[in-house]
Amino acid sequence: MKERTPLITNTKCECGHQNPVGTVLCEACGKPLDREEQLSSGNLEMRYDGVARRSQRVNPGVIDLVWNFFSSVKIAIYLIVLTLLGSMLGTIFPQESTFLNIDASTYYPEKYGTAGEIYYKLGLSHTYESWWFVLLLVLIGASLVICSLDRVLPLYKALTRQKIRKHRQFLTRQKVALVTELKEEPEAWVARMVELLQKKGYRVRTDGAALLAEKHRFSRWGPYVIHIGLIIFLLAVLARGLPGLNMDQHLAFPQGDTVRIPDTTYYLKNEKFTVEFYTEEEMPKEFRGKKILPKLYETRAVLYECTANCTDPSKEPQLAEVARHNIQVNSPLSYNGLKAYQFDYDLTPVLRSVQPELINAKSGEVYGKFKLDMNNPQRSFQAGLYTLSLKEKYMDFGLNEEGQPVSKSPYPNAPAFLFLITGPDLPAGGQQYFYFPKQVDKEKFQMTAINDKLGGSGRFLELEVGGMSDVDFSESTTYLNIRVDRAMPFVWIGAGIVMLGLVLGFYWQHRRIWLAANHGELVLGGHTNKNWFGFRREIVSILAKTDLTVDEKSLDNGGGLA
Amino acid sequence: MSLLDFSSDVFIAAFFLYSGSFMLFTIAIMGRKWSGRKPEEHTARWGRIAFIGSSLGLICHLAYFFTRWAGSGHIPVSNMYEFMTFLSMMIMVAFTVIFSIYRKIILGVFAVPVSIIVMAYAAVFPQEVQPLIPSLKSIYLNIHVTLAALGESFFAVGFAAGLMYLLRTVDFASKEKNDRKQQRLVEFTLFSIIVIIGFLGSVFAFRGAGYETVFVRSNVTIDSPGQGDSTIEKVSYKMPPIVAPYHSEIESFQSFLGMNKPLFEAPSWMNGVNAGRKFNTVLWSLISGLLLYGILRLAVRKPLGRAIHPVLDGIDENDLDEITYRAIAIGFPIFTLGALIFAMIWAQVAWGRFWGWDPKEVWALVTWLFYSAYLHLRLARGWQGRKSAWLAVLGFLVVMFTLVGVNLVIAGLHSYAGTD
Amino acid sequence: MGRARKPVQIIILFVIILLGGYAIGSSVFGGDGKLREGGKAPSFELLGLDGLTHTLDEYKGKSVVLNFWGSWCAPCVKEMPALQAQWEKWKEQGVVVVGINVGEDQMTVENFVKQVDINFPVVMDTGRDAVRSYGVSPLPTTFFINAKGRVDSIHIGQLDLSTLDDQIGKLVKP
């Protein structure tokens with residue numbers, strides 16, 4: 001199909017109407033303007049009703065050329081196909097973004113060999129963030145705007161200024177056409193038709209014995225509504241990247257802890273995390289004993305907002321509860337644009353505090369009990385007559401290359417505490433005592449041996465935990481994905497408009513029937529943008545009611561059936 | 001469990017009703033020349049019976065669906081078996097809708113077998129009811145999957161009509177270069193369908209015979225210098241191994257036609273433990289496909305396209321062209337809503353991001369872009385008839401890759417859909 | 001057709017170029033929110049070992065060497081003497097060395113400071129806010145911030161005396 005019409009043509013129609021450059025069918029009477037076209041007898045080109053697109057003009061400048069480029073559907077299709085191919089390339093190997101911590105430059109060659117290396121070097125490991133992919137989306141956006149503008153305005157004008165009486169050729173060269181004998185009096189017959197057409201939902205206008213019936217014109221705006229929706233969608237996606245509109249972080253919430261959400265004034269408490277698995281009875285026979293399927297991940301979460309002392313780290317912030325929700329995989333906590341999604345969990349218990357008793361290992365006498373926090377512990381404790389001052393603290397006890405005690409990580413995996421104890425029956429300078437709250441560590445690091453060395457043979461004091469009630473630990477840790485996405489409503493609005501346009505454009509059809517009755521002859525032309533089959537059937541059924549029997553197939557004037 | 005038993009019984013009934021109605025549709029078309037009646041009368045009469053049969057099949061299929069839903073407590077679209085059976089049901093729904101608009105008996109000859117093949121493919125997967133994992137527990141499972149499948153089913157009907165258009169219009173007698181090319185492409189399309197049938201045939205044949213051979217492979221992965229970690233992986237072949245997994249050993253081997261060791265080993269780049277097995281399946285499908293194709297060729301003594309061509313004699317090609325387009329035009333908005341918009345809504349609720357460039361998401365987008373290119377080419381560039389029909393055929397290939405290929409070849413977040 | 005057509009076309013094309021440029025720009029440069037050399041150093045508000053709240057603004061007009069460390073990280077421990085030496089050498093010339101401890105409690109930090117014997121200002125990032133805003137992943141990471149508040153250079157890993165000296169020298173006399 002030719003996109004450009006010859007530029008030097010007489011654009012004045014014989015009916016006297018002056019048409020703009022690029023017009024295919026006269027805007028007034030519908031007669032083809034091109035001489036060659038006038039002599040042909042094929043179907044008329046009814047795209048955009050034969051009107052000129054805005055971009056078609058005599059002497060295009062640079063701006064016009066750029067505009068023309070984007071207004072071409074051919075270019076739009078190329079862009080769609082390129083995006084399609086580009087998207088496919090990105091699925092060959094997993095994208096970098098699917099991994100949390102990898103060095104992409106070594107990961108791809110190691111995992112996928114030479115192909116992986118080439119893939120990485122071509123930048124396909126981050127296809128969807130690459131400049132060329134974003135450029136394609138931008139070009140599609142430009143094409144959407146310009147294509148639509150270029151067509152919708154002329155089409156709107158053409159459809160609102162339709163003349164009822166058209167050139168005979170315009171009618172007979174429609175894809176649905178009929179020329180037949182009419183025995184009745186034309187005006188009366190047309191009047192009868194008006195009623196019948198109106199019953200079928202057509203809006204009918206008459207001009208003597210000529211008639212134009214039209215229905216569901218709104219369906220013509222469907223494609224443009226889709227395009228508007230897509231533009232809003234793309235703009236909303238772009239807006240997500242603006243600072244302050246978007247936040248995305250993965251945070252750990254040990255059970256029972258209240259954790260501040262960075263960059264906000266919110267705090268979230270994980271009251272309890274639950275993970276459940278399907279029982280044997282709930283599983284199909286084939287799976288029993290073979291597979292374990294999770295049933296539920298749930299975090300009982302409370303969201304607090306800070307009301308005072310929020311930014312000053314030297315003061316304790318004051319919190320007020322604002323929301324409470326049991327977060328599950330398909331049920332995030334949502335408050336004021338902030339959302340918390342269940343993301344991951346860890347069932348390793350984390351020690352929070354212990355309450356050891358200071359006892360006399362020889363006599364069994366208990367001197368006193370105190371609470372020892374893993375984080376920010378008190379510096380000195382009183383147990384009966386004894387004072388314990390905390391000298392050193394190691395969260396993850398170990399020895400460095402020089403054999404000195406160090407902490408290997410900031411996490412309380414193997415906590416250890418060095419106390420200086422003063423009190424009765426102890427040396428004047430006090431006695432040092434190493435304390436490992438975890439039983440495994442006591443054995444692993446030989447606590448008794450260390451303390452024997454530090455306190456000598458006469459040592460009689462020990463720290464011991466009475467029972468599990470004196471140990472406070474968080475049983476598990478839940479990982480939540482905390483998000484703010486202020487542009488989301490616009491994404492949904494865009495998607496909604498696209499859907500509206502699709503329904504308008506695809507489930508209704510713009511149908512028009514032109515009728516001219518004179519000299520005992522009836523000329524009928526019909527046009528629809530879709531579903532010619534149904535349209536022909538409708539015309540036949542209407543004509544049948546005026547005692548005109550027409551075969552469905554005889555209405556078919558050949559040509560494709562768009 | 002009786003509800004589930006009933007469910008699988010009516011499913012089998014649906015399968016046989018579809019097969020029967022396919023034969024009736026074929027008789028309606030093929031028999032018009034030799035039946036005593038007028039051809040139109042014959043076609044109308046047998047076509048009506050065939051449509052009643054396929055509708056009864058659909059009722060049974062729906063009964064399967066709802067009883068399984070009731071029996072399992074969740075909508076049966078949560079694994080590959082359930083999804084494929086659902087898809088085949090939706091193809092029948094789409095067929096019924098298009099058939100009631102156009103009343104073209106011939107459509108049954110081509111659309112019903114598509115549904116039957118998808119149904120048979122479903123049976124390749126394990127069929128037991130599986131409880132839902134937390135990420136699938138959502139109302140959006142119902143909406144997203146059902147709408148996406150319905151949209152894709154209309155594309156399937158478009159595919160059937162497009163293929164019919166090609167079989168109707170390609171000049172099979174011509175020796176001209178362009179016509180020869182068209183003939184070969186049609187033949188290749190038919191051959192591909194036969195390979196799929198061959199795949200199904202070999203799966204069920206070897207399953208029926210209870211064939212199994214097991215390979216083991218020990219993998220040594222080196223996490224950090226000096227610290228090796230070795231794992232043992234087992235692969236069970238349900239078809240005689242023509243090709244063994246890369247670097248593997250035989251644990252048990254059931255001989256087949258005197259073959260008692262694999263003919264060769266998979267190349268090193270197929271390093272996944274299941275890659276060898278999948279490759280073996282592909283080889284068997286090709287072998288049985290070729291065998292089947294050869295037998296058919298011997299039987300009809302000419303290319304299959306040329307053999308089918310006369311069946312479509314007298315069918316209006318413009319009607320076929322319009323059916324193709326209409327099916328796609330009906331399916332496109334449904335597909336957009338189900339496979340993209342509700343997918344995004346669900347992804348937003350479950351994962352906090354509406355779009356993550358997961359392979360399945362990308363391929364849904366690829367499908368959407370493909371059909372939007374189709375619509376633009378047709379509506380604005382006048383691509384109708386032949387070109388449009390080829391696009392409809394190709395489009396369904398994209399759909400099937402999105403549904404099946406992505407799970408088999410590329411793993412992603414949707415991989416829990418489970419594959420063979 | 002309308003006379004306003006050309007200006008409308010120009011405006012639309014201009015908006016497209018603007019938005020498109022922004023889209024491509026943000027996908028190619030940053031977007032991951034990481035701080036780069038030449039970027040403005042984000043401010044922070046953290047509790048110091050002295051019990052007072054410290055911010056980056058306090059050191060306005062001075063060159064700042066911002067060192068992120070943890071007591072459990074061996075290279076951090078090893079580079080402390082170099083930092084202390086340079087702090088003593090340059091503090092009269094408008095250079096401040098600030099240590100930011102990542103996520104540990106006061107006692108650990110106090111003991112550490114005493115043990116390695118440093119006396120430059122140390123603040124505690126218990127909530128890892130500065131870590132996030134500076135985009136720090138491995139420790140130690142050191143930011144050299146010039147008097148205008150811009151990041152002159154970023155050093156990841158252990159620093160030795162001479163590199164530190166060179167970097168500070170560059171910071172003071174560009």
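Letters A, B, ... are given to chains in the order of the sequence lines, protein chains preceding strands, and every chain is numbered from 1. These values consider heavy atoms only, across backbone and side chains, with no hydrogens, waters or symmetry-generated copies. Since the model is a prediction, treat every value here as computed from it, not as a measurement.
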Heavy-atom contact with chain C under 4.5 Å, split by part of A:L390 | both
Under 3.5 Å side-chain donor-acceptor pair for C:E45 and C:T53 = no
Heavy-atom contact with chain C under 4.5 Å, split by part of A:V406 | neither
Between A:D373 and A:R352, does a salt bridge (charged side-chain N to carboxylate O under 4.0 Å, His left out) hold up when you go through it step by step?
-> CA-CA 6 Å; A:D373 286 311; A:R352 221 173 352 229; over 6 Å; no
Of the backbone (N, CA, C, O) and the side chain (C-beta and beyond), which part of A:L235 lies under 4.5 Å from a heavy atom of chain C, both, or neither?
-> side chain
C:D117 and C:Q84: side-chain donor and acceptor closer than 3.5 Å?
-> no
Go through the atoms of C:L19 and report whether side chain, backbone, both or neither lie under 4.5 Å from a heavy atom of chain A.
-> both
Does the side chain of C:W72 come within less than 4.5 Å of A:D396's, by heavy atoms?
-> no
Please flag which part of A:K393 lies under 4.5 Å from any non-hydrogen atom of chain C: side chain, backbone, both or neither.
-> both
Is there any residue in residues 95-107 of chain C with a non-hydrogen atom under 4.5 Å from a non-hydrogen atom of chain A, and which ones are they?
-> C:E104, C:D105, C:Q106, C:M107
Chain C: which of A:V145, A:D263, A:V259 shares the most heavy-atom pairs with it under 4.5 Å?
-> A:D263
Does the distance from a Lys or Arg side-chain N to an Asp or Glu carboxylate O, for A:K269 and A:D257, drop under 4.0 Å?
-> no
Side chain / backbone / both / neither for C:I24 at chain A, heavy atoms under 4.5 Å = both
Where does the angle between the aromatic ring planes of C:W69 and C:F112 fall among parallel (under 30°), tilted (30 to 60°) and perpendicular (over 60°)?
-> parallel
Indicate the ring-plane relationship of A:F434 and A:F397, choosing parallel, tilted or perpendicular according to the 30° and 60° boundaries.
-> perpendicular
How about A:F490: does its CZ atom have over 12 heavy atoms from other parts shown lying under 6.0 Å from it?
-> no
Crowding at NZ, A:K371 (>12 non-hydrogen neighbours, <6.0 Å) = no
Say whether C:D160 and C:S162, considering side chains only, have a donor N or O and an acceptor N or O under 3.5 Å apart.
-> yes
Contacting region of A:M374 [heavy-atom separation from chain C under 4.5 Å] = backbone
Do A:E27 and A:H17 have a side chain donor and acceptor closer than 3.5 Å?
-> yes
For chain C, find which of A:E129, A:R379, A:K391 contributes the most heavy-atom pairs closer than 4.5 angstrom.
-> A:R379
Proximity breakdown for C:E110 and chain A, heavy-atom pairs closer than 4.5 Å = side chain
Turns out that what part of A:V66 lies under 4.5 Å from chain C's heavy atoms comes down to side chain
